[in-house]
2 protein chains.
Amino acid sequence: MPTSLPQLKKEFTEGLSQISRFWGFPKGMGAIFAVLYLSSVPLSLDEIVQKTGLTKGAISTEVRTLARMGLVHRSSKLADRKDYYEAESDFYKSIRSILKERQNSEFDNAIRSIAKTLAKLNAGEISGDNEEIKFIRQRVQAMQEFFDALDSLTHAVVKLESLGLSNISKILSVLK
Amino acid sequence: MPTSLPQLKKEFTEGLSQISRFWGFPKGMGAIFAVLYLSSVPLSLDEIVQKTGLTKGAISTEVRTLARMGLVHRSSKLADRKDYYEAESDFYKSIRSILKERQNSEFDNAIRSIAKTLAKLNAGEISGDNEEIKFIRQRVQAMQEFFDALDSLTHAVVKLESLGLSNISKILSVLK
DNA sequence: TAGAATGTTTAGATATAACTAAACGAATTA
DNA sequence: TAATTCGTTTAGTTATATCTAAACATTCTA
């Protein structure tokens with residue numbers, strides 16, 4: 001028997017919810033993106049309420065996060081004070097925007113704290129057993145280099161405006 | 001005034017805990033990895049208890065997860081029934097191992113569910129408005145292609161045994 | 001076999017995140 | 001100005017994840 005369209009949308013939405021949770025986001029965020037992504041016209045907040053079953057409050061905050069990550073866009077119609085939202089469908093664009101967003105995050109603060117640790121070690125400002133200090137400096141430095149590499153990797157991806165992910169992976173597989 | 005070595009270790013451990021949480025792992029996991037990473041000798045479970053302040057139970061389960069991800073290794077000494085743990089210091093190796101581990105995860109199941117949705121759409125098994133079905137098929141397909149690209153990208157990275165991340169990012173930046 | 005030293009599992013506590021319901025504020029219209 | 005329509009914020013609830021404490025299982029030793 002044929003699946004109905006609403007049923008199919010529901011399955012899709014549940015799938016995206018799981019994916020959202022996997023990446024450490026609220027599952028509601030995935031659901032919101034899903035309904036926007038499957039809609040050919042921008043939706044108002046109340047329409048999203050109706051389609052997801054979430055409350056205005058939750059959607060208001062989560063949609064803001066999505067917008068900050070570049071995954072949805074806010075728009076408005078003339079003579080209509082409702083806000084409308086639509087999904088970004090160019091995922092490559094979104095990725096770049098997410099990576100940029102990441103710059104000021106907790107993550108980078110933490111990484112900076114590693115760098116500070118290393119600076120202290122290199123400046124000889126640490127008191128303690130010399131052999132151990134040597135070992136630890138070497139370890140911390142290796143980690144710092146790894147994070148630096150990750151960082152320049154993401155910068156490189158951000159810079160590659162026109163190249164799609166699929167092309168990048170093709171290139172990498174050739175390098176093998 | 002010079003920072004003491006224990007103080008420095010504490011700072012480093014807190015940094016890694018934050019990073020761990022950022023990636024959606026328990027912060028205790030970051031702490032456990034940190035103490036192992038800063039130790040030049042493998043540590044027993046009780047030593048980790050002593051150095052992190054966590055309980056045996058928590059460490060027992062978290063260290064298992066770390067081992068599965070290839071971030072720590074379990075070893076044992078002759079005539080000593082304690083287990084010993086040490087950190088993997090080759091992060092590139094760890095990344096590959098983590099990506100492999102990911103294969104059977106919730107994430108990939110969710111992605112497979114997207115593929116199933118698409119298959120139904122393509123098989124014409126869906127009842128509903130034709131224009132809308134057309135639109136939705138196009139959208140779901142675009143998403144599927146994106147995930148496929150991501151997938152082959154990770155496969156490519158996994159395959160690149162000898163190439164470090166820093167080299168990869170160098171290559172990508174040249175491509176620009 | 002009894003006892004000790006280990007690692008694991010489990011039941012429950014605590015902390016954290018997600019979400020709801022309702023109050024609020026701002027803008028708009030009557 | 002009063003009433004309406006929208007989005008946001010907030011206080012509190014619910015759900016989930018993390019961690020503890022203690023029971024448990026296993027292996028070794030005497």
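In what follows, chains are A, B, ... by sequence order, proteins preceding strands, each numbered from 1.
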- Task: Assign B:D83 to base, sugar-phosphate, or nothing according to its heavy-atom contacts below 4.0 angstrom with the strands shown.
- Result: sugar-phosphate
- Message: I'd like to check B:I59 versus B:Y85 (side-chain heavy atoms, cut-off strictly below 4.5 Å). Are they in contact?
- Response: no
- Task: Let me know the distance between OH of A:Y85 and P of D:dC6, rounded to the nearest Å.
- Result: 13 Å
Between the protein and nucleotides 26-30 of chain C, list every N/O to N/O distance that falls short of 3.5 Å.
unit_1: C:dT28; atom_1: O4'; unit_2: A:R81; atom_2: NE; d: 3.4

- Nearest-Å distance, NZ (B:K77) to C1' (C:dT6)? 15 Å
- Phosphate OP1/OP2 of C:dA15 contacted by B:R21 side-chain N/O (<4.0 Å): no
- Spell out, as yes or no, whether a donor-acceptor pair under 3.5 Å connects the side chain of B:S17 to the backbone of B:T13. yes
- Length of the CZ-P vector between B:F22 and C:dT16, whole Å: 18 Å
- Item | Short side-chain to backbone donor-acceptor contact, B:T3 and A:I126, under 3.5 Å | no
- Length of the line joining B:I48:CD1 and C:dG7:P, which is rounded to integer Å: 9 Å
- Message: From CD of A:E62 over to C1' of D:dT9, roughly how many Å is that when rounded to an integer?
- Response: 15 Å
- Item | B:V63 vs A:F25, nearer the 5' end of DNA chain C by closest nucleotide | B:V63
All N/O donor-acceptor pairs, side-chain side in residues 39-49 of chain B, below 3.5 Å, sequence neighbours left out:
unit_1: B:S39; atom_1: OG; unit_2: B:V41; atom_2: N; d: 3.2
unit_1: B:S39; atom_1: OG; unit_2: B:V41; atom_2: O; d: 2.5
unit_1: B:S44; atom_1: OG; unit_2: B:E47; atom_2: N; d: 3.2
unit_1: B:S44; atom_1: OG; unit_2: B:E47; atom_2: OE1; d: 3.3
unit_1: B:E47; atom_1: OE1; unit_2: B:S44; atom_2: N; d: 2.7

- When A:K27 and A:S44 are each assigned the nearest nucleotide of DNA chain D, the 5'-most assignment goes to A:S44
- Message: For B:L54 and A:T61, find the nucleotide of DNA chain D closest to each by heavy atoms; which residue's nucleotide sits nearer the 5' end?
- Response: A:T61
Please table the atom pairs, donor to acceptor, closer than 3.5 Å between any side-chain atom in residues 127-137 of chain A and protein atoms at least two apart or in another chain.
unit_1: A:D129; atom_1: OD2; unit_2: A:E132; atom_2: N; d: 3.0
unit_1: A:E132; atom_1: OE2; unit_2: B:K9; atom_2: NZ; d: 2.7
unit_1: A:R137; atom_1: NH1; unit_2: A:L121; atom_2: O; d: 3.0

- Message: Output the rounded distance in Å from CD1 (A:I59) to C1' (D:dT9).
- Response: 16 Å
- Query: Can you tell me how far P of C:dG7 sits from NZ of B:K82, to the nearest Å?
  - Reply: 8 Å
- Note on the structure: Winner on side-chain proximity to A:R64, out of C:dG7, D:dT9, C:dC19, is D:dT9
- Query: Phosphate oxygens OP1/OP2 of C:dG7: is one of them under 4.0 Å from a side-chain N or O of B:K56?
  - Reply: no
- Message: Using 0.5 Å steps for rounding, measure from the CZ atom of A:R21 to the CG atom of A:L16.
- Response: 13.5 Å
- Given atom CG of B:L45 and atom P of C:dT6, what is their separation to the nearest angstrom? 10 Å
- Message: From the set C:dC19, C:dT8, D:dT20, return the single nucleotide nearest to any side-chain atom of A:A58.
- Response: C:dC19
- Item | Short N-O contact, A:E11 and B:K120, less than 4.0 angstrom | yes
